[in-house]
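Written below as structure tokens is the structure these notes are about.
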Amino acid sequence: MYGPERQQEILRLAREGGRVDVLSLATEFQVTAETIRRDLKALDRAGLLRRVHGGAIPAGRLDFEPDLAERESTAADEKDRIARAALAELPAEGSVILDAGSTVARLAAALPLEAELTAVTHSLPTAARLADHPGIQLHLVGGRVRHRTRAAVDAWSLRAYGEIRADVLFLAANGFSAAHGLTTPDLAEAAVKRAAVAAARRVVLLADSGKHGQEHFARFGDLTDVDLLITDTGLPAAEAAAIEKAGTEVVRA
């Protein structure tokens, strides 16, 4: 099968299934994963598909949102490095907000036993990882729990974040860029993230490089709202320099 024919078939599969992934396509067409990535890149440039972690979705599907299991397994090594780097940003015996996100949950799991912090989160997976930590005073923010992310949203959550002021927020996003800011697929989650940003003195964004340039339906802030971006070395040095020039410090772990 020639490249254009394969790309046409990939486009058909994406429109029918709502998503395609690199490894399945490589098996389907008996080509290498790198060949499929080139196909997806070509379709993305043509405006027919939009590349996401591990595959692509039809263009215009800015509401696409991977489930919790997929988030946990995507870019796992990079997320672990980011989480370890984020440990340096913990305040000494201070207060932190931990946003809902797989990399932030990894940070929670990596907190040393000697850490003494007041921690606030609306994420059930993150709260579960901190519940038995001897040095953490854990505050769980309530609200309607979204099944896809296990995060509390809506009025209860917004009210809780409106009543506190934390030293550091460890923030998550599905997409970030200087042009489009901070985005996520769900409006309710975006509102909670916006409230968490307002409730913190310092904002640290934990986001792997695959999320750079991604744009989702709900926008909850500008990249300039972030004091520090911790990402991985997949973010090109030139892009990191441009972000820093706009006022956000960047660490590539």
Side-chain angles (χ1 to χ4, degrees), residues 52 61-66 68 71 82 86 89-91 94-108 117-127 130 138-208 210-231 243 246-250:
V52 297
R61 290 238 8 230
L62 298 184
D63 60 337
F64 174 78
E65 186 174 16
L68 202 58
R71 292 184 192 204
I82 292 168
E89 302 304 317
L90 293 171
S95 56
V96 298
I97 298 171
L98 299 169
D99 189 18
S102 57
T103 310
V104 178
R106 278 174 157 80
L107 168 61
L117 294 165
T118 297
V120 182
T121 187
H122 58 285
S123 165
L124 295 185
T126 296
L130 293 177
L138 178 62
H139 297 262
L140 179 58
V141 171
R144 175 177 63 87
V145 176
R146 292 191 68 231
H147 294 296
R148 200 158 192 85
T149 59
R150 309 297 194 271
V153 296
D154 295 342
W156 286 0
S157 302
L158 298 176
R159 184 165 61 248
Y161 280 126
E163 295 175 352
I164 67 170
R165 188 70 171 163
D167 293 315
V168 182
L169 161 64
F170 291 97
L171 180 66
N174 295 75
F176 71 94
S177 69
H180 305 299
L182 308 170
T183 59
T184 195
D186 185 75
L187 285 169
E189 290 221 22
V192 176
K193 289 176 183 290
R194 194 177 301 115
V197 169
R201 298 181 182 89
R202 177 171 168 81
V203 178
V204 178
L205 175 63
L206 308 184
D208 63 81
K211 295 175 181 176
H212 180 249
Q214 295 291 327
E215 181 185 3
H216 294 267
F217 178 66
R219 188 174 183 277
F220 61 91
D222 293 313
L223 195 52
T224 52
D225 295 328
V226 173
D227 297 290
L228 170 64
L229 163 65
I230 303 180
T231 187
I243 292 171
T248 300
E249 182 184 357
V250 179

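Here the closest non-hydrogen pair linking Ala119 and Leu130 is CB-CD1, 4.1 Å. Across all non-hydrogen atoms, the minimal contact from Ile97 to Ala166 is CG1-CB, 3.6 Å. Of all heavy-atom pairs between Ala191 and Leu158, the closest is O-CD2, 3.4 Å. Closest approach of Ser157 to Gly143, counting heavy atoms only: OG-CA, 4.0 Å. Of all non-hydrogen atoms in Pro91 and Leu117, the two that sit nearest each other are O-CD2, 3.1 Å. Ala172 approaches Ala100 most closely through the heavy-atom pair CB-O, 3.5 Å.
Separating the OG1 atom in Thr184 from the CD atom in Gln214 is a distance of 12.0 Å, to the nearest 0.5 Å. The structure places OG1 of Thr248 at 9.5 Å from CG of Asp222, a figure rounded to the nearest 0.5 Å. The structure places NE2 of His122 at 10.5 Å from CG of Leu140, a figure rounded to the nearest 0.5 Å. For the atom pair Leu182 CG and Leu171 CG, the distance stands at 6.0 Å (nearest 0.5 Å). Taking CD of Glu89 as the reference point, atom CG of Leu169 lies at 12.5 Å (rounded to 0.5 Å). Asp99 contributes atom CG, which lies 11.5 Å from atom CG of Leu107 (distance to the nearest 0.5 angstrom).
The side-chain heavy atoms of Val120 and Val141, taken from C-beta on, include a pair separated by under 4.5 Å. Put simply, the side chain of Glu249 does not reach to within 4.5 Å of the side chain of Leu229, judged on heavy atoms.
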Inset, instruction - Apply the test side-chain contact (heavy atoms from CB on, under 4.5 Å) to residues Val197 and Arg194: give CA-CA distance (whole Å), side-chain angles for both, the deciding distance (0.1 Å), then the verdict. - result: CA-CA 5 Å; Val197 169; Arg194 194 177 301 115; 5.8 Å; no
Kindly determine whether Arg146 and Asp186 satisfy side-chain contact (heavy atoms from CB on, under 4.5 Å), including the steps that lead there. CA-CA 10 Å; Arg146 292 191 68 231; Asp186 185 75; 3.5 Å; yes
_Show, in sequence, the C-alpha distance, side-chain angles and deciding distance for Glu189 and Thr149, and conclude whether the side chain to side chain donor-acceptor pair (under 3.5 Å) test is met._
CA-CA 9 Å; Glu189 290 221 22; Thr149 59; 2.3 Å; yes
Applying side-chain contact (heavy atoms from CB on, under 4.5 Å) to Val204 and Ile230, what does each step give before you reach the verdict?
CA-CA 7 Å; Val204 178; Ile230 303 180; 3.9 Å; yes
### side-chain contact (heavy atoms from CB on, under 4.5 Å) evaluation trace for Val192 with Tyr161
CA-CA 8 Å; Val192 176; Tyr161 280 126; 3.7 Å; yes
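Residue pairs meeting the salt bridge (Lys or Arg N to Asp or Glu O under 4.0 Å) criterion with at least one partner in residues 158-169, sequence neighbours excluded, are Asp167-Arg201. Contacts classified as ring-ring contact (aromatic ring centres under 6.0 Å, His included) and involving residues 163-208 (residues at least two apart or in different chains) are given here: Phe176-His212.
The closest donor-acceptor contact from the side chain of Thr183 to the backbone of His216 lies under 3.5 Å.
For the side-chain contact (heavy atoms from CB on, under 4.5 Å) with Val104, the lone residue among Leu98, Leu205, Thr121 that qualifies is Leu98.
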